[in-house]
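Atom set for the values below is all heavy atoms of this structure, side chains included, hydrogens, waters and symmetry mates excluded.
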Amino acid sequence: MTAFVGTAVGTGTEPPPRPVAHRRRWLPYLLLLPGGLWLLLFFVVPSVQLAGTSLYDRSGSLETGYSQAFAFGNYLDAVGAYWPHLVRSAVYAGLATVICLVLGYPLAYFIAQKSGRWRNLLLVCVIAPFFTTFLVRTLAWKSILSDNGPVTGFFRSLPFVGDDFRLLATPVAVVCGLVYNFLPFMVLPLYATLERLDGRLLEAAGDLYAKPAATFRRVTLPLSMPGVIAGTLLTFIPAAGDYINAELLGTPNEYMIGNVIDSAFLVRLDYPQAAALSFLLMATILVMVFGYIRAAGTDEVV
């Protein structure tokens, strides 16, 4: 009987084992497939087309058509003509990012660690501006900062401020609009990081006689750096390419590179220069972002 069973088992008539390990190896790639196709169709392909457009001969037009001349001089012409707008975009976006970090970190810390049962309500208040469109929110700030608005009226009431003081149509107004519109992009990543902060580490620092300032500097801030990095990137990148705030809250003297690109595409119909400026903006942001990540020493976060 034993020999019979051994013979039957060794005949190889049983079904082969299913390749479970093989399927598991390909499962992560299958999960990435929808997102990868989306990026390919709506980011990579348009970017390649935009790169080709940036090298067109600028002597063409929509009526006569454009010829592919591989005119790399378009980039030099764009930099020579609009480098102040590139610098201004970086400065405005940098200021807005720093202000958002200064305002958003205490707010995120309070919501994550001290709000208790009011946490969900405070989070709703943070994202409440998203319930209205970007344009409407910016127009609201145009009314708030107007010459007859309450903020300007308050400053004019001060004895050391003249009657000609104004906020609208100034760099201050543009930066204020950027801060307001992009502050939630700073608060939410910070909240997500601080909410996972282990309170026992803070208690241990207190048991070791660390003062609150030292506890924050040595424990809280280092552990919250992933949120700081994510928040600054999510704030700086869209702020650098924004043009609505400069259009509505500033003057041509405050225009950013996004305003120039918008005008080149839709008003002057100079597609090669508009595409070149778009790629210059993208390259500038990438260089600044990678430099910031390297300087911050967050390779393990990325």
Side-chain angles (χ1 to χ4, degrees), residues 43 47 50-51 54 72 74-105 134 137-138 141 145 167-190 225 227-266 268 270 272-299 301-302:
F43 179 75
S47 296
L50 193 66
S54 68
F72 291 96
N74 293 341
Y75 288 89
L76 297 177
D77 295 339
V79 172
Y82 298 108
W83 67 266
H85 297 81
L86 282 168
V87 174
R88 189 179 300 126
S89 298
V91 172
Y92 286 0
L95 287 174
T97 302
V98 172
I99 296 173
C100 284
L101 179 60
V102 173
L103 297 177
Y105 198 102
F134 191 93
R137 299 199 304 268
T138 309
W141 270 90
L145 300 178
L167 289 172
L168 191 63
T170 64
V172 175
V174 177
V175 174
C176 286
L178 292 173
V179 171
Y180 170 75
N181 282 302
F182 296 109
L183 181 60
F185 292 97
M186 178 68 73
V187 174
L188 294 179
L190 286 171
M225 281 305 296
V228 173
I229 300 299
T232 51
L233 294 181
L234 289 175
T235 303
F236 178 83
I237 292 175
D242 180 73
Y243 69 96
I244 295 295
N245 288 277
E247 180 75 28
L248 298 179
L249 303 179
T251 66
N253 294 327
E254 287 80 40
Y255 276 2
M256 302 167 65
I257 193 64
N259 301 94
V260 178
I261 295 173
D262 173 72
S263 175
F265 268 122
L266 302 180
R268 294 186 283 112
D270 191 349
Q273 188 177 74
L277 286 170
S278 300
F279 259 85
L280 284 173
L281 175 62
M282 185 187 307
T284 302
I285 291 176
L286 286 176
V287 170
M288 296 181 69
V289 165
F290 283 115
Y292 168 67
I293 293 175
R294 186 178 181 85
T298 55
D299 294 338
V301 175
V302 179

Give the minimum heavy-atom separation between [X] and [Y], together with the two atoms involved.
{"X": "Leu178", "Y": "Ala96", "result": "CB-CB, 3.7 Å"}
{"X": "Leu277", "Y": "Ile257", "result": "CD2-CD1, 3.9 Å"}
{"X": "Glu254", "Y": "Val174", "result": "CB-CG2, 4.0 Å"}
{"X": "Ala78", "Y": "Leu280", "result": "CB-CD1, 3.8 Å"}
{"X": "Ala90", "Y": "Phe236", "result": "O-CE1, 3.9 Å"}
{"X": "Ala246", "Y": "Asn259", "result": "CB-OD1, 3.4 Å"}

Residues two or more places apart in sequence or in another chain: which of them pass ring-ring contact (aromatic ring centres under 6.0 Å, His included) with [X]?
{"X": "Phe265", "result": "Tyr271"}
{"X": "Tyr105", "result": "Phe216"}
{"X": "Tyr180", "result": "Trp141"}

According to side chain to side chain contact (heavy atoms under 4.5 Å, CB included), who are the partners of [X], at least two apart in sequence or on a separate chain?
{"X": "Pro189", "result": "Ala230, Leu234"}
{"X": "Leu95", "result": "Val91, Val175"}
{"X": "Val289", "result": "Leu233, Ile237, Ile285, Ile293"}
{"X": "Ile244", "result": "Phe134, Leu135, Thr138, Asp242, Leu248"}

Please identify each residue that fulfils side chain to side chain donor-acceptor pair (under 3.5 Å) with Thr284, with sequence neighbours left out. none
Which residues pass the side chain to side chain donor-acceptor pair (under 3.5 Å) test with Ser54, not counting sequence neighbours? Tyr75
For the residue pair Leu50 and Phe279, establish whether any side-chain heavy-atom pair is separated by less than 4.5 Å. yes
For the residue pair Met256 and Asp262, establish whether any side-chain heavy-atom pair is separated by less than 4.5 Å. no
Report yes or no: does Asn74 contribute a side-chain atom to a donor-acceptor pair with the main-chain N or O of Gln273 at less than 3.5 Å? no
Are the side chain of Thr170 and the backbone N or O of Leu167 linked by a donor-acceptor pair below 3.5 Å? yes
Atom [atom1] in [X], atom [atom2] in [Y]: separation rounded to 0.5 Å?
{"X": "Leu168", "Y": "Leu145", "atom1": "CG", "atom2": "CG", "result": "6.5 Å"}
{"X": "Leu101", "Y": "Thr232", "atom1": "CG", "atom2": "OG1", "result": "7.5 Å"}
{"X": "Tyr82", "Y": "Asp77", "atom1": "OH", "atom2": "CG", "result": "10.5 Å"}
{"X": "Ile229", "Y": "Met225", "atom1": "CD1", "atom2": "CE", "result": "4.0 Å"}

Please list all pairs passing the side-chain hydrogen bond (donor to acceptor under 3.5 Å, both in side chains) test where one or both residues lie in residues 84-104, with sequence neighbours left out. none
